[in-house]
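Take a look at the structure below.
Since we're looking at a predicted model, the values are computed, not measured.
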Amino acid sequence: MVRAAIVVGLLLLAINAQAETTSKEPDWAQLTDSQRKVLAPLAAEWDILRPWQREKMLDIARDYPKMTPDQQGRVQRRLNHWSRMTPYERENARKKYQEFNVLSPEKKAEIHKKWQQYQSLPESKREALRRENPDIDGFDDLDN
């Protein structure tokens, strides 16, 4: 009796482990043409993305046709930028995003105001600031 319970328990563990490792999200080849077109910057890494990352990208692809041309351009710039980042840079970006999300509305507004001020600077001044602060390099196009 105990042996049967152990066998059943091990079998259930094996089935659960298999279910967790089998992605419910489609491989790149299984995406529709329109999904592949929107998510093209991620083609090389799609099959190694975590399921939650694929799901988020599929949500973006689903909503893409409803976006304005400006919004679509912004999505494409962000996907291109993200696809060129190293895993280390991506992890830092995630951490900064999480830190920003827990800020008070006032602090978020202050940061947004500073970002708008930075965006309004002439390119030469922004370039000088980027040289002084490498952490802000590459993020100029994210809000355009």
Side-chain angles (χ1 to χ4, degrees), residues 5-144:
I6 291 173
V7 170
V8 169
L10 289 173
L11 182 61
L12 288 174
L13 283 174
I15 291 170
N16 189 36
Q18 177 64 29
E20 287 180 7
T21 59
T22 303
S23 172
K24 295 177 190 140
E25 303 304 330
D27 291 337
W28 183 256
Q30 295 171 315
L31 297 179
T32 65
D33 289 340
S34 63
Q35 288 171 324
R36 283 195 299 266
K37 183 178 178 186
V38 172
L39 302 172
L42 304 175
E45 63 189 289
W46 178 263
D47 291 335
I48 60 170
L49 290 177
R50 296 177 190 136
W52 65 267
Q53 292 170 314
R54 289 187 193 185
E55 186 175 328
K56 184 172 177 74
M57 294 301 113
L58 290 172
D59 288 344
I60 290 170
R62 182 198 64 226
D63 296 339
Y64 192 82
K66 302 173 204 159
M67 296 177 188
T68 66
D70 285 344
Q71 290 171 323
Q72 290 177 349
R74 186 176 179 192
V75 165
Q76 288 303 310
R77 284 189 302 276
R78 286 184 172 187
L79 287 175
N80 280 317
H81 182 76
W82 187 258
S83 71
R84 292 188 309 265
M85 293 171 76
T86 66
Y88 176 78
E89 291 169 327
R90 290 177 184 186
E91 188 58 32
N92 280 340
R94 284 186 195 101
K95 285 179 184 175
K96 287 181 182 189
Y97 178 77
Q98 290 168 347
E99 290 169 3
F100 180 80
N101 261 353
V102 297
L103 295 176
S104 68
E106 295 80 18
K107 187 67 177 170
K108 286 180 183 179
E110 179 185 332
I111 291 171
H112 185 70
K113 182 179 178 185
K114 287 180 180 180
W115 178 252
Q116 288 177 322
Q117 289 170 344
Y118 170 79
Q119 292 282 74
S120 68
L121 292 173
E123 180 55 36
S124 59
K125 291 197 180 210
R126 288 193 295 188
E127 180 61 34
L129 284 171
R130 285 194 297 269
R131 280 194 302 274
E132 294 170 17
N133 303 287
D135 287 347
I136 64 173
D137 189 25
F139 290 96
D140 287 314
D141 63 342
L142 295 183
D143 256 355
N144 294 332

Here the gap from Asp47 atom CG to Gln30 atom CD, rounded to the nearest 0.5 Å, amounts to 8.5 Å
In this structure, CH2 of Trp46 is separated from CG of Leu31 (nearest 0.5 Å) by 5.0 Å
Heavy atoms of Arg90 and Met85 approach each other most closely as NE-O, 3.5 Å
When rounded to the nearest 0.5 Å, the distance separating CG of Leu49 from CG of Asp27 is 11.0 Å
Practice task
Return yes if some donor-acceptor pair links the side-chain N/O of Asn80 with the main-chain N/O of Pro41 below 3.5 Å, else return no.
Solution key: no
task: Check step by step if side chain to side chain donor-acceptor pair (under 3.5 Å) holds for Glu127 and Ser124.
output: CA-CA 5 Å; Glu127 180 61 34; Ser124 59; over 6 Å; no
Check for a donor-acceptor pair, side chain of Gln72 on one end and backbone N or O of Tyr64 on the other, with a separation under 3.5 Å. yes
Glu91 (side chain) donor-acceptor with Tyr88 (main chain) under 3.5 angstrom:
no
Closest non-hydrogen atoms of Met67 and Ile60, given as atom of the first, atom of the second and distance, are CE-O, 4.2 Å
- prompt: Going through the checks in order, is the salt bridge (Lys or Arg N to Asp or Glu O under 4.0 Å) test met by Glu99 and Lys96?
  reply: CA-CA 5 Å; Glu99 290 169 3; Lys96 287 181 182 189; over 6 Å; no
In this structure, CG of Asp33 is separated from CZ of Arg36 (nearest 0.5 Å) by 4.5 Å
Heavy-atom count check: over 12 atoms from other residues, nucleotides or ligands less than 6.0 Å from Lys108 NZ? yes
The reported gap from OH in Tyr118 to CZ in Arg130 (rounded to nearest 0.5 angstrom) is 4.0 Å
Per side-chain hydrogen bond (donor to acceptor under 3.5 Å, both in side chains), Gln116 is matched among Lys113, Gln119, His112 by His112
* Asked: Given side chains that start at C-beta, do those of Val75 and Arg78 come closer than 4.5 Å, heavy atoms only?
  -> no
Interatomic distance, CD@Glu110 vs OG@Ser104, rounded to 0.5 Å, equals 8.5 Å
In short, Arg54 meets Pro26 closest at the heavy-atom pair NH1-O, 3.2 Å
Val38 and Gln76 have their tightest heavy-atom pair at O-NE2, 3.0 Å
Between Lys66 and Asp63, does a salt bridge (Lys or Arg N to Asp or Glu O under 4.0 Å) hold up when you go through it step by step?
CA-CA 6 Å; Lys66 302 173 204 159; Asp63 296 339; 3.7 Å; yes
Do the side-chain N and O atoms of Gln35 and Thr32 include a donor-acceptor pair separated by under 3.5 angstrom?
yes
